[in-house]
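For reference, the structure is listed below as structure tokens.
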Amino acid sequence: MILGTSIKKILFDYRSLLLRRRYRHQHAGNGPIQMDNVQKRKALAQFKDKAEVTVYDRQSSRTHFRWGPWVAGGQMLMWINFADFYWRYSMDKDEETGELHISPAWKRACTAAIALVAGLAVGGGVLHYISRCVARMQVIDGGQMVRLETYRISGRGTKTKVVPLAGMFSRDRLFTGEGPNGVTKPKSSQYSIYASRQSNYAYIMSRAGSFRDPKAFDVLFHRAIVPDKK
């Protein structure tokens, strides 16, 4: 009789423990999600009934990257000179006689091609970087859309792109609590954000620029884990 009562008590305690664990697990999973949704609604409320709100401004002139085409073109000329030199004067040493003679055409062509590809890659990289830098970011249509102003590769003026706010995300946190504006990050002066999950390249913002509300920025755009592209 006593043994039966003890077994019932142990089973009751074990069942109670399982119920408590299930309760904590459910609330641990739903709590942050519910809180996240509340924070997003509060962050979006600042854009309600407003045609446009500037949330980021690089505070640089629209000709900030006017040096870009000159750098890209200048280094390309340098690589063209290298390619021309390799094509004209590339030499091989004869292992038997030790004499130098002009390299075979295919070898000179390959070396010159490598130099040209390097020049195109470096120059293209410079211009691509400029094209991804954001001069200004505005939330428009009451918080539905985002207008991005990015620099032209010519180094003069900007171009505009409008994307849905809901699709934008960043794997990087903007607010760090360091620096005068709370966005300073050691060893990194840039903040990157993607226009959508299908984007292969991020847009780049300078942490030295002016952000309207860094904490709200993280609430709206920071995603620690982003689903894989389909």
Side-chain angles (χ1 to χ4, degrees), residues 35-72 125-226:
M35 180 62 69
D36 186 53
N37 290 334
V38 171
Q39 291 176 336
K40 287 183 178 179
R41 285 197 295 269
K42 289 181 178 179
L44 288 171
Q46 62 182 306
F47 310 121
K48 187 178 181 181
D49 301 327
K50 294 182 179 179
E52 61 180 37
V53 177
T54 300
V55 295
Y56 166 78
D57 195 316
R58 190 182 179 95
Q59 295 186 326
S60 299
S61 69
R62 294 303 181 260
T63 58
H64 179 71
F65 290 106
R66 61 184 179 275
W67 50 264
W70 295 98
V71 170
V126 170
L127 298 179
H128 179 70
Y129 171 80
I130 293 174
S131 71
R132 305 304 294 184
C133 286
V134 180
R136 180 183 298 166
M137 176 175 169
Q138 294 177 315
V139 177
I140 60 177
D141 297 340
Q144 297 298 315
M145 308 295 288
V146 170
R147 181 191 294 134
L148 292 166
E149 293 183 25
T150 56
Y151 292 92
R152 297 183 181 277
I153 61 174
S154 64
R156 298 185 179 278
T158 58
K159 59 182 184 294
T160 302
K161 182 176 182 179
V162 177
V163 298
L165 183 146
M168 298 187 69
F169 72 93
S170 175
R171 296 186 179 91
D172 191 14
R173 283 192 179 275
L174 176 62
F175 183 76
T176 61
E178 299 182 15
N181 299 318
V183 298
T184 301
K185 185 177 181 180
K187 300 181 180 180
S188 177
S189 61
Q190 299 176 343
Y191 170 80
S192 59
I193 188 169
Y194 292 82
S196 69
R197 293 172 183 172
Q198 286 71 43
S199 299
N200 292 319
Y201 302 103
Y203 287 98
I204 302 169
M205 301 180 184
S206 172
R207 289 179 177 270
S210 175
F211 291 89
R212 175 185 172 90
D213 188 342
K215 291 183 178 180
F217 219 91
D218 283 335
V219 170
L220 292 173
F221 302 118
H222 177 65
R223 306 286 187 276
I225 300 177
V226 180

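As the structure is a computational prediction, the values presented were derived from the model and not from experiment.
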Drop me the distance from [X]'s [atom1] to [Y]'s [atom2], to the nearest 0.5 angstrom.
X	Y	atom1	atom2	result
Phe169	Ser196	CZ	OG	7.5 Å
Arg147	Ile140	CZ	CD1	4.5 Å
Leu165	Lys40	CG	NZ	10.0 Å
Phe65	Thr63	CZ	OG1	11.0 Å
Ser192	Ile204	OG	CD1	7.5 Å
His64	Ile130	NE2	CD1	9.0 Å

Treating [X] as the side-chain partner and [Y] as the backbone partner, does any N or O pair qualify as donor plus acceptor under 3.5 Å?
X	Y	answer
Arg132	Ala202	yes
Arg66	Gly155	no
Thr158	Glu149	no
Gln144	Asp141	no
Asp57	Gln59	yes

Distance-minimising heavy-atom pair for [X] and [Y]:
X	Y	result
Arg62	Ser60	NH1-O, 3.1 Å
Ser206	Arg58	CB-NH1, 3.6 Å
Leu174	Asp218	N-OD1, 2.7 Å

For a 4.5 angstrom cut-off between non-hydrogen side-chain atoms, does [X] reach [Y]?
X	Y	result
Tyr56	Val134	yes
Leu148	Tyr203	yes
Arg173	Lys215	no
Tyr151	Ser131	no
Phe217	Met205	yes
Leu44	Leu220	yes
Arg212	Thr54	no
Met168	Met137	yes

Return yes when atom [atom1] of [X] has more than 12 non-hydrogen atoms of other residues, nucleotides or ligands closer than 6.0 Å, and no otherwise.
X	atom1	value
Lys42	NZ	no
Ile153	CD1	no
Arg156	CZ	no
Trp67	CH2	yes

Please test Arg207 against Asp172 for salt bridge (Lys or Arg N to Asp or Glu O under 4.0 Å), starting from the C-alpha separation and ending with a verdict. CA-CA 12 Å; Arg207 289 179 177 270; Asp172 191 14; 2.9 Å; yes
Taking the six-membered ring of Tyr194 as reference, does the cationic atom of Arg171 (NZ for Lys, CZ for Arg) lie under 6.0 Å from its centre and within 45° of its axis?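 Cation-pi check for Arg171 and Tyr194: passes.
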Is there a side-chain contact (heavy atoms from CB on, under 4.5 Å) between Asn181 and Phe211? Walk through the geometry before answering. CA-CA 8 Å; Asn181 299 318; Phe211 291 89; over 6 Å; no
